[in-house]
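Some notes on the structure that comes next.
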Amino acid sequence: EVKLVESGGGLVQAGGSLRLSCAASGFIFDDYVLGWFRQAPGKGREGISCIRNSDRSTYYPDSIKGRFTISKGDVKNTVDLQMNSLTPEDTAVYYCVADPTTTAQAMCTMTPDYLGHWGQGTQVTVSS
């Protein structure tokens, strides 16, 4: 059974940083692409950072580039998301997602309903 458990969310002031972590189990880690999607209040889910574990290739939408960094964690079978220069517009529930897609870009730009494995989500709130 695929299991994804997020941690590291919380409340931070604008301009601050947070680091999220996703612990994955139940599948061969390097056979999957992992990513972070988020859903802000009243909006749909969007892919913000994805990594293909086999070669660590990454993808970020233009709105995120330069502020967020996704990486394999130091702990086995984890993926981290370092978020810097946070703004109130980054307030959302952040989800870890896993899928055997071909590339990080393919996953991050895929319709979220087509992605099979989601964590329970962690709340990130950025105050102004």
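We use all heavy atoms of the structure for the numbers below, so side chains are in, but hydrogens, waters and symmetry mates are not.
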Consider only side-chain N and O atoms of [X] and [Y], and report whether a donor and an acceptor are under 3.5 Å apart.
| X | Y | value |
| --- | --- | --- |
| S54 | D30 | no |
| D80 | S71 | no |
| T103 | Q105 | no |

Set out, in order, the CA-CA distance, both residues' side-chain angles and the distance that settles side chain to side chain contact (heavy atoms under 4.5 Å, CB included) for I48 and Y60, then state yes or no.
CA-CA 6 Å; I48 57 168; Y60 307 92; over 6 Å; no
Of all heavy-atom pairs between [X] and [Y], which one has the smallest distance, and what is that distance?
| X | Y | result |
| --- | --- | --- |
| V12 | L86 | CG1-CD1, 3.6 Å |
| R67 | D90 | NH1-OD2, 2.8 Å |
| G119 | E6 | CA-OE2, 3.2 Å |
| G47 | P61 | O-CG, 3.6 Å |
| A24 | L4 | CB-CD2, 3.7 Å |
| Y94 | L81 | CD2-CD2, 4.4 Å |

Within the distance-only criterion (no hydrogens, no angle test), does the side chain of K72 pair as donor or acceptor with the backbone N or O of N53 below 3.5 angstrom?
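Side chain of K72 to backbone of N53: a pair is present.
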Enter the distance from N84:CG to F68:CZ here, rounded to the nearest 0.5 Å.
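N84 CG to F68 CZ: 8.5 Å, rounded to 0.5 Å.
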Using side-chain heavy atoms (C-beta onward) and a distance below 4.5 Å, is [X] in contact with [Y]?
| X | Y | answer |
| --- | --- | --- |
| Y32 | R52 | no |
| V126 | T91 | yes |
| L34 | F29 | yes |

Take atom CG in D55; do more than 12 heavy atoms of anything else shown fall under 6.0 Å from it?
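Buried by this count: over 12 neighbours within 6.0 Å.
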R19 atom CZ: more than 12 heavy-atom contacts under 6.0 Å
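Atom CZ in R19 is packed in, count exceeds 12.
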Taking the hydrophobic residues Ile, Leu, Val, Met, Phe, Trp and Tyr, and joining any pair whose side-chain heavy atoms are under 4.5 Å apart, which ones share a cluster with V75?
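When side chains under 4.5 Å apart are linked, V75 ends up in no cluster with other residues.
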Listed by chain and number, what are the salt bridge (charged side-chain N to carboxylate O under 4.0 Å, His left out) partners of D113, not counting sequence neighbours?
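Checked D113 against salt bridge (charged side-chain N to carboxylate O under 4.0 Å, His left out); matches are R45.
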Between M83 and Y95, is there shared hydrophobic-cluster membership here, with clusters defined by ILVMFWY side-chain heavy atoms closer than 4.5 Å?
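No, separate clusters.
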